[in-house]
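Counting starts at 1 for both ligands and their atoms, following the listed order.
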Amino acid sequence: MNDAALVLHAALFAAHKHRDQRRKDEAASPYINHPLSLASVLAVEGGITDAATLCAALLHDTIEDTDTAGDEIEREFGSEVRRLVEQVTDDKSLPKAQRKLAQIEHAAHIDQKAKRVKLADKICNLRDVALAPPVGWSVERRREYFDWARLVIDRLRGIDARLEAIFDKAYAARP
Ligand code: NDP
Ligand code: ZN
């Protein structure tokens, strides 16, 4: 498959996997808007053209939040994309608070392409928390989310000045 075909295949694959899920905002937006936003941040705002990075962005929540296995990703998109998606997938056997700490600890040790996906994920989630936060989140909780996202991103800096500047701009909207 050529790069454009592979990226579109990943968009459709993710749309199918997330088809019954919604985000946590007031409007309960379709879940797929989130992976599409990551890919758009990377390609449109960040100038990223690498197909494996864009596929990993589109697929980044499939293993964590749907019935998708790593094997299936490898079969459809190859071993590099599988590795990138696995590197941005939380270990769901850990309690929530430990998962949040693990993200901070792991951020420095993932591939450069996975770091870009992680940057895009945090950029999109900060924008969402600022503009369309999960229902019921107090200002305090929204601030805590911003602070945690910053701790994660501070561990992986020095790889992509353009995306890091976009993150800093999103962080500047801290409530
Ligand atoms: P999370 O902090 O994990 O929820 C945020 C996640 O939800 C995001 O990372 C994002 O993940 C996803 N998401 C879906 N919709 C939105 C949206 N509209 N805006 C932003 N993110 C969205 O919340 P949990 O409920 O899982 O709680 C985890 C932690 O929060 C616990 O460790 C606990 O310590 C703390 N907590 C704090 C409270 C407080 O009042 N301060 C109260 C309760 C818990 P993705 O990109 O993967 O989809
Ligand atoms: Zn995400």
Report yes or no: is the cationic atom of Arg22 (NZ for Lys, CZ for Arg) under 6.0 Å from the centre of the six-membered ring of Tyr31, at an angle within 45° of the ring normal?
->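 Judged by the rule (NZ or CZ under 6.0 Å from the ring centre, within 45° of its axis), Arg22 is not positioned above Tyr31.
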
Can Asp65 and Lys92 be counted as an ion pair, charged N to O under 4.0 angstrom?
->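 Between Lys92 and Asp65 there is a salt bridge, with a charged N closer than 4.0 Å to a carboxylate O.
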
Salt bridge between Glu72 and Lys17, side-chain N to carboxylate O under 4.0 Å?
-> yes

Check for a donor-acceptor pair, side chain of Arg162 on one end and backbone N or O of Glu45 on the other, with a separation under 3.5 Å.
->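 Between the backbone of Glu45 and the side chain of Arg162 there is a qualifying donor-acceptor contact (under 3.5 Å).
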
Has the side chain of Arg82 got a donor or acceptor atom that lies under 3.5 Å from a matching backbone atom of Ile73?
->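 No, the answer is negative, given that no donor and acceptor are paired below the 3.5 Å cut-off.
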
Do Gln103 and Lys118 get their side chains close enough for a donor-acceptor pair, meaning under 3.5 Å?
-> yes

Examine the side chains of Asp121 and His60 and answer whether a donor and an acceptor come within less than 3.5 Å of each other.
-> yes

With a 4.0 Å heavy-atom cut-off (strictly under), which part of [X] contacts ligand 1: side chain, backbone, both or neither?
| X | result |
| --- | --- |
| Tyr31 | side chain |
| His34 | side chain |
| Lys100 | side chain |

Mark whether atom 32 (O) of ligand 1 lies under 4.0 angstrom from at least one protein heavy atom.
-> yes

Give the residue and atom name of whichever protein heavy atom lies nearest to [atom], and the separation in Å to one decimal.
| atom | value |
| --- | --- |
| atom 41 (N) of ligand 1 | Glu144 OE1, 2.9 Å |
| atom 22 (C) of ligand 1 | Arg23 NH2, 3.4 Å |
| atom 8 (C) of ligand 1 | Tyr145 OH, 3.4 Å |
| atom 47 (O) of ligand 1 | Asp61 OD1, 3.4 Å |
| atom 28 (C) of ligand 1 | Lys96 CD, 3.5 Å |
| atom 20 (C) of ligand 1 | Val129 CG2, 3.5 Å |
| atom 39 (C) of ligand 1 | Arg141 CD, 3.2 Å |

Test of proximity, [X] against ligand 1: N or O pairs below 3.5 Å:
| X | result |
| --- | --- |
| Ala132 | yes |
| Asp121 | yes |
| Asn125 | yes |
| Lys24 | yes |

So the angle subtended at the Zn ion (ligand 2) by Asp61 atom OD2 and His60 atom NE2, rounded to 10 degrees, is 70°

Nearest heavy atoms of Pro133 and Val129, plus distance in Å =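 Heavy atoms only, the tightest pair is CB-O, 3.4 Å.
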
Provide the closest heavy-atom pair for Asp111 versus Gln87 in the form atom of the first, atom of the second, distance.
->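 Between these two residues, the closest heavy atoms are N-OE1, 3.1 Å.
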
Can you list the atoms of ligand 1 that are under 4.0 Å from a heavy atom of Ala97?
-> 32 (O)

What are the atoms of ligand 1, with element, lying closer than 4.0 Å to any heavy atom of Trp137?
-> 2 (O), 4 (O), 5 (C), 23 (O)

Is any N, O or S atom of His34 under 2.8 Å away from the Zn ion (ligand 2)?
->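 Yes.
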
Can you sort out the partners of Arg150 under salt bridge (Lys or Arg N to Asp or Glu O under 4.0 Å), two or more places apart, ordered by chain and number?
->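 Arg150: salt bridge (Lys or Arg N to Asp or Glu O under 4.0 Å) contacts with Asp154.
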
Please verify whether a non-hydrogen atom of Glu140 lies at under 4.0 Å from ligand 1.
-> no

Residue pair Lys113 / Ile48, side-chain heavy-atom distance below 4.5 Å = no

Taking the side chain as every heavy atom from C-beta outward, state whether Val41 and Leu38 have any pair of such atoms under 4.5 Å apart.
->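 Side-chain contact under 4.5 Å: no.
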
Pairwise ring-ring contact (aromatic ring centres under 6.0 Å, His included) hits with a residue in residues 117-138, at least two apart |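 Pairs touching residues 117-138 that pass the test: Trp137-Tyr145.
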
In Asp121, what N, O or S atom is nearest to the Zn ion (ligand 2), if we give its atom name?
->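 Relative to the Zn ion (ligand 2), the closest nitrogen, oxygen or sulfur of Asp121 carries the name OD1.
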
